[in-house]
Each structure stands twice: as C-alpha cells, then as structure tokens.
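One structure is given here, and the rest of the page talks about it.
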Amino acid sequence: MVPGHCTLYRRIFTRTPPLSPSGYNFKAQQTSQVWKANMATPARTQPPWKEPKSSQPAKLKVWNSLTRSKNEFVPIDSEGKVVKWYSCGPTVYDDAHLGHARNYVTIDILRRVLSGYFGYNLRFVQNITDVDDKIILRGRQQYLLADFKTKNPTVTDDLINTTIKAFDAYVKKNLSLLSADVNIGTFNQESAEKYANVIQGKSEDGVGPAGDKEAKIKMHLRTAGTAATALLAPSKSTPEDVEVFYAGAEDVLLPYLDSLYGTSIDASDHTVFTRLTQKYEERFNEDMRNLNVLDPNVVTRVTEYGDQIVTFVQKIVDNGFAYSTSDGSVYFDIEAFEKVPGNHYARLEPWNRGDKGLQADGEGALSQQKTSEKRSDADFALWKSSKPGEPAWKSPWGPGRPGWHIECSVMASDVLGEQMDIHSGGIDLCFPHHDNELAQSEAHWSQKEGGHQWVNYFLHMGHLSISGSKMSKSLKNFTTIREALARGDWNARSLRIIFLLGGWHDGIEITDDMRKGGSSWESYVTNFFYKVRDLEVHPNISSTGTEDEKVQKAFETAKEKVHNALADSFDTPSAMRAISGLITDYNSADKAGLSDSVSFDVARYITRIVRIFGLDGSADPYDGGIGWAGIDIPSVAKEFVYAVSRERDEVRQHAIAGDLSGTVLEDILAQHKPAQKQEASAVPYAEVLSSFQENLRGLAEKQAPAKDFLDLCDQLRDTHLWNLGIYLEDRDNAPAMVRPVDAELQAARDQKEAIARQKAEAKIKREREEAGKKAKLAEQAKINPLEMFKTEEFSAWDAEGLPTKDKDGQDVAKGKTKKLKKEWEKQKKLYDEHAKSSVS
C-alpha cells in the first residue's frame, strides 16, 4: 500500500439492481464503477436520531444500535444508490483470532448483501490502528526483549536472577491472593490452593459463574506457571534450550524489562513500533483474504493522520467542547457538550457512562495516571501528551499522540465527510469507543448550535465465545485464524456458514452442535448441486413436466422468504432455512415429472444467494453458474471419467441381466477410444479407463461369471477412481452420478472402515478367547480323577480318589461330598474322552 493522506484500493465493484420480492429479475445488466476518493458533502440531519424519509417504501430495515430498534434503511445519497460506510478495523499488534473472524466475516456478509442483493454502491472505509497504548507497550516490550536476548544469549545465573525478579513482580501485580513470600518453588501449590475456585471454572469467590475477571486470572496463572517451570530446571546446553527458556519466561520478562527501560526508548524512532504493526497488518490482510473477506475500498492508518488529527482536535477546542491541561493533553468536555441543546453523550450505551472500568479501558493502559486537571472523571483524552518512551507528533499543546477514539472520527470524516450512512464494529466498541466517537465528531461538526447527526446507522456484531468466555488477545484465550485454517478446524466456507446461521447482532458460542449444524447445511446444499449438475450430463429428456408447477410454487415461496428475511435486518438464519427448505421441497418432487429447466432455475437462484453470502470465493453471483467450488471433478478428468462411468453402467446392467456376451461387451467399449497421447495431468484418468477396458476383455476371454464383472465394477468405484478423488454414486434406474470425494464421503468411508476394523478385532478377540478356553480345557482333561483331590485340603480318600476326611481328620460333610462327587464325574468324563482321542 502507498503511504499518504489515505490509501485507495483500485478495486472495481459491481452494482446490480435491487431484487424485487415479487419479480426477481436476475437478468441484471452489470454496471462497473471505480470509486472516487472524494465525495460531495451530504446535507445534515438533526438529532435526536430521526429516521430518514423516502418517497418510496423502504425495502430494508436494519437493527440500529443508535436507536436500539429496527429502522428503515434510506441512504443519505439523494438518488439512494451510494452508501457511505466506515468500519472499525484491527489494532495490529498480534495475529487475528477467530473472534476477529466473527467480526470481519460478518461485516463482509452484510456488505455483500447490501451490494449484491439490494444493489447499493458501497464506499467502504476501514482503518488500521497502528498506534495506541497496546501497540506502544507491545512494540516497546518486543524491542527491549530482543535487545535483552542479544545481550543474554545463554542461560546464565544473571539471566535466571533477572527472570526471578520479573516473576516476582508479575505475581505481585496480577495474583493478589498469593502470599508476599511466594516463589517459584511454592507457586504451584499455593496458587492451586488460593485460586481453587477459578481453576475449577467458578468465580473467584466460588459463588457465581466465572467471567472475564476469572479468565484474566487463569491467564496470569498460566503465565506465571510457565515461567516457574522454565526457572526450576533451566537447560543450558544448546541454543535450542535457550529459546525454550525464553519461550517460557517471555511473558513475565516483557513487562519487567519495560518497567526498567521503557522510558529510555527514543520515541522519535517510530520504527520501534511500526516494525511490529507493519508485520501484523500484512498478516491480518492475508487472514482476511483467506476467509474470503473483500478488501476495503479505502484503508486509513492512524500514523498517516497526525496533522489531520491535530487540526480536528483544535476545532473541537475552538468550539468550546474540549480543554487542554498543563501537561499538554487535551480532554473532551462532556458537561460543556451536553449543555448545548440536541447534544447527548453515551447515546449507544447510556447505562455505561459511569462505568469507571470501561472508561479506564478506553483511555488505555498507559493513561491510568489520574490528572487533577481533568474537569470530570468521565472526560476522555482527545490528545495525549507523550511521556518518555512513547511516540510523539507535534501539536500546539506540545509533543503528543492521538487518543484512541479520535483516530476514527478524523479518518472517517476525512474520507466520507461530515455524515455517513453506516458505522460498524464489534459490540464491545459501543462504549466507550463509539460513544466517544459520536460525541467528539458531533462536537467538531456542529459548531455552536449543536444537534449534528454524524452517523445514521450503527451496526454492531456480536461476540464469538468459547466455553462462555469472550475471545480476547489480552486474555490469551484465542485460536488464531491461521492456526484454525492450517489445522483444518475450519475453512472459509464452513466458518462463514456458522456466522450465517447465527444472527449478526447476537453472540455466538462454538459448540459441537453448531459445528454439526453448519456441516449438515453445507452437505445438504452440496448434494443438491451434485444432483442438478448431473442433469447437464444425464438430462431428463423424458420428463412429463407434471411436477413443474409444484416446484415452481415452492420456489416462489422460498424467494419471498429469503427476501423478507434479508430485508428484516439481514436475517440470514431465516434465509438459510428458506434455502434448505427449498431444497427439501425439490428433493421430495418426483424427478420423472420435473423439467430440467425448472431444476436449473432453482439451482441458479440458490447459487446466486450463496455467492452473495460469500460462500464461493470470488465467483460472480450473476454469471448464471450452478454450484460452488468443490463440486466438480478436474476438467482434464472428465473425458475419461464420464466414459468409464458410462461403460461401467452398461456392463453392470448387462451383467445383472445375464446377457453380457463378448459381442455386447465390445459394442460397449467401442463407444470410446482414448487418444494415444494425453497431457500429463490427464494420464492417471486415461490409465483408469484403459485398465478397466483391458480387465473387462480379460474376464470375457476367460468367460468369467457375472459376479466377477460386478466385482471389477466395484473395484473401479471403490479403489481406482476413489484414489483419484472421484466417486461414482450408484442410483436405482439411473446412471451413476460422478462426483468428487468430499469430506462427507471420506468421513463415511472412514466410519465404515472403522466399524469393519472393530468387527474384525472383536472376531479375533473371540477366536483367541475360544482358543484359550479350548487349550485350558485340554489341559484340564489330562488330569486323572483319581488324583484331582489329592491336595492339602484333605487327609483321606476312597478308592476312586474322593475325599473322606478333611485336613483335620474330620469326616467330609455329606453336602460337600455330593458336590465333590459331581466335579469328579465331570472330570472323569473329560479324562476318558481325552484318553480315547489319544489312543485313536
């Protein structure tokens, strides 16, 4: 990206006419338009929020956080075509996790629906936060740690002593229940006792459920525990051992080194911080593209807006809504702002305006020092004086840096003007971030009269949770996007389906049931596409058309449901249900009475909707295609695979009928003769065809029974083509359907093979047990009944070897004698049979 005032992606977006809920004219003529960087400033509207009016009935209503209700969506643009949208982007100091995926993928879905379904031209702006308290801390800490590692390349006593001090400082600051004299040797036992409730998943006091506080405690316990382990038995022999030590001790060393040397950083050297942000911005963009998230039209970065931010803040001061302090900071004056009629603070979450914890989070970790010059604790920083070790820009108030909230106000206003249609972000940004943005932006644009409406619609995405806890970088309870994709936990489609099945404004918790639901929906649609695409190869030329009206009626009903759902604040769960319901209605129809043209119409519509949702990469929703990526076999394979599938169908048919003669077989094989030469990628498929034909001729020469021909057909399906990633799905009274081996098929085969293995193992186990019993019985049969009771338990026996006296010389009781007699008779029978078998 080219640095400068702002960065404009030269990306062409396609606009299509809105889809009418009744007409559904999908033969849309596409019009391409390259967005311009500057747009005319729109007219103002007056707060409190007023629903924009239109001469036409609104086709869409959206849940608006600003009004906490659904409002008709009417763009500021006088022609109702252009939509100006600012979305809060990432703070780039670490890899993006699945919580970020929830936010940005969901925003991408809404963006695609607005443009691809409702036909609006979007000017979509997203920022990169590349300077804030987290970035300053992380960048500075990483710089200091790298320098520390250079100076301490081996595990020495000095390194260990320094790390122990870092461990002690970390524990003292973050784990207050532990005793003052806790050390690396006593940490595990004491922490297990003092934080037993938290470790067991309860609240710290053991009364209520665990929350973010307990998640932070768990993180601190893990960090300290890992450091203690590294310190208790540090290995010193190889460079790899040193890296292992640092990996365990790093998280306690980072804040400790910063506390010692953070203020010594040359703040004028911004590369200390941008080295970190540039790396993670690039990785963020890679992650988003891997999740099929569209690039923004415009990307802005805070570090490129220093002068504009100063100018913006100065105007707020000039308007009487901010004040500077002696240390060179500038604070927003909430009281002065609300004295002007029409101005309101904390409009998104007024119930949180007194929450000191949220206020502190909004100010940042480096701004916790209370200044006596603040007129109110709730007043927030527009401009922060830079302390030693922090980056700085010039300003009328002295060297400083932007407050977190002001960056978005300035960048959005610079690109979109004094008013925008949509502002979006995660639900946790409502207060204080977006509430502060609103106040300071309205203070900037309203002059003295007040009452300026900066944003018409605020859209906030719900959280993604794991085990009831919000994903968070600070809590370190996250799975990164690239980890999840690399492990195969998710792919771009499966993750997006999960988000589509949940409301965009609602929280989502990943569960096994949710995974199964998403996988089931994807498989259901995929199998539908397989069936319709097969009609292109095996058309239903004898259709009676008797089912057409029934399916057409279900089709029209489904289209209306999808439209109503999307118009009802992007209700994608209902739209997804309508799509699967349409497929159910299609599947229940008698295909002999259904025209192919109706099947194709239904499939093209479903393809169009899933592509609008972003479920098929960059595929054009309006190209008339059917299906999505993954349902087709390789192009180079088609000639050979469809030929061998046809030959297999005919061979099976004649083998089952019992009339597969040599002449019939040659007639079947003569219909396709592969060329002598193929491109390299086609050779494996050509070899399958030629090998199948040769094996058929070999069986014919031997006049093999029909069973052998059918077995060969099964081998082709289950082994030869399967190993090439292709499956032939046999169907009653229809040709086999050619399809790729997908995850569902592979899972079914794996399960079948696992069951077969279990049965085989169980059989072997039974056989071994039976063999053991037989061997034991054979050994038992060798015992002479005259000797079997000659043990220390008895002292006298009769002529047959039956006991008469116990070991103490007492007569054996009658009941016991009777029992012993039965055992003796059983053994005598075994012994006699063994003797006979030995003689024979």
Side-chain angles (χ1 to χ4, degrees), residues 94-103 134 167-168 170-180 182-232 247-252 254-255 352 355-358 360-361 365 426-428 461-481 483-484 487 489-490 495 498-499 501-503 506-519:
D94 205 342
D95 278 329
H97 53 65
L98 290 179
H100 295 114
R102 158 63 170 165
N103 180 59
K134 293 186 180 73
F167 171 86
D168 292 340
Y170 187 93
V171 170
K172 182 178 180 181
K173 177 181 179 181
N174 298 299
L175 297 168
S176 59
L177 294 186
L178 302 184
S179 61
V182 67
N183 55 55
I184 59 174
T186 62
F187 172 79
N188 286 335
Q189 181 177 348
E190 186 171 338
S191 61
E193 294 172 356
K194 297 294 180 64
Y195 287 102
N197 287 330
V198 175
I199 294 171
Q200 293 170 13
K202 304 174 185 177
S203 63
E204 186 176 352
D205 59 10
V207 177
D212 285 351
K213 174 185 176 183
E214 285 71 26
K216 285 185 178 181
I217 292 173
K218 281 187 175 181
M219 178 198 70
H220 294 316
L221 288 170
R222 287 194 302 270
T223 298
T226 302
T229 300
L231 284 164
L232 285 170
E250 177 175 320
D251 285 341
V252 299
L254 287 171
N352 279 329
D355 190 316
K356 296 187 181 299
L358 291 175
D361 286 343
I427 191 69
D428 56 329
M461 312 303 120
H463 283 307
L464 182 71
S465 301
I466 293 180
S467 300
S469 182
K470 177 187 74 174
M471 278 191 178
S472 167
K473 288 182 183 179
S474 61
L475 297 179
K476 297 183 182 178
N477 67 338
F478 59 84
T479 299
T480 67
I481 292 170
E483 285 172 347
R487 289 200 305 255
D489 298 347
W490 303 95
L495 192 61
I498 291 296
F499 299 153
L501 290 173
D506 302 321
I508 291 179
E509 182 174 3
I510 294 179
T511 63
D512 288 340
D513 286 344
M514 187 205 316
R515 286 177 180 270
K516 290 176 183 176
S519 177

Residue pair Thr479, Trp490: steps toward the side-chain contact (heavy atoms from CB on, under 4.5 Å) verdict: CA-CA 11 Å; Thr479 299; Trp490 303 95; over 6 Å; no

Polar side-chain atom of Ser191 near backbone of Phe187 as donor-acceptor pair, under 3.5 Å: yes

Among Asp95, Leu98, Asp94, side chain to side chain contact (heavy atoms under 4.5 Å, CB included) partner for Thr480: Asp95

From OG1 (Thr229) to CG (Asn188), nearest 0.5 Å: 6.0 Å

Minimum heavy-atom distance between Ala249 and Ala230, given as atom pair plus value: N-CB, 4.4 Å

Exercise: identify the closest heavy-atom pair between Ala101 and Leu495: CB-CD2, 3.8 Å

For the student: nearest non-hydrogen atoms of Ala224 and Leu175, plus distance: CB-CD1, 4.3 Å

Residue pair Val171 / Val182, side-chain heavy-atom distance below 4.5 Å: yes

From Asn197 atom CG to Leu177 atom CG, the distance as rounded to the nearest 0.5 Å: 10.0 Å

Between Asp205 and Ser203: side-chain donor-acceptor atoms closer than 3.5 Å: yes

Non-hydrogen side-chain atoms of Tyr170 and Asp251 separated by less than 4.5 Å: no

CZ-CD1 distance between Arg102 and Ile510, expressed to the nearest 0.5 angstrom: 10.5 Å

Nearest-0.5 Å distance that lies between atom NE2 in His97 and atom NE2 in His100: 4.0 Å

Spatial distance of atom OH (Tyr195) from atom CD (Glu214) [nearest 0.5 Å]: 10.5 Å

Heavy-atom closest pair, residues Ser179 and Glu190: N-OE2, 2.5 Å

Where Leu501 and Gly518 come nearest, the two heavy atoms and their spacing: CD1-CA, 3.8 Å

Asp428 side, atom CG; His463 side, atom NE2 - distance, nearest 0.5 Å: 4.5 Å

Thr223 side chain near Phe167 side chain, heavy-atom distance below 4.5 Å: no

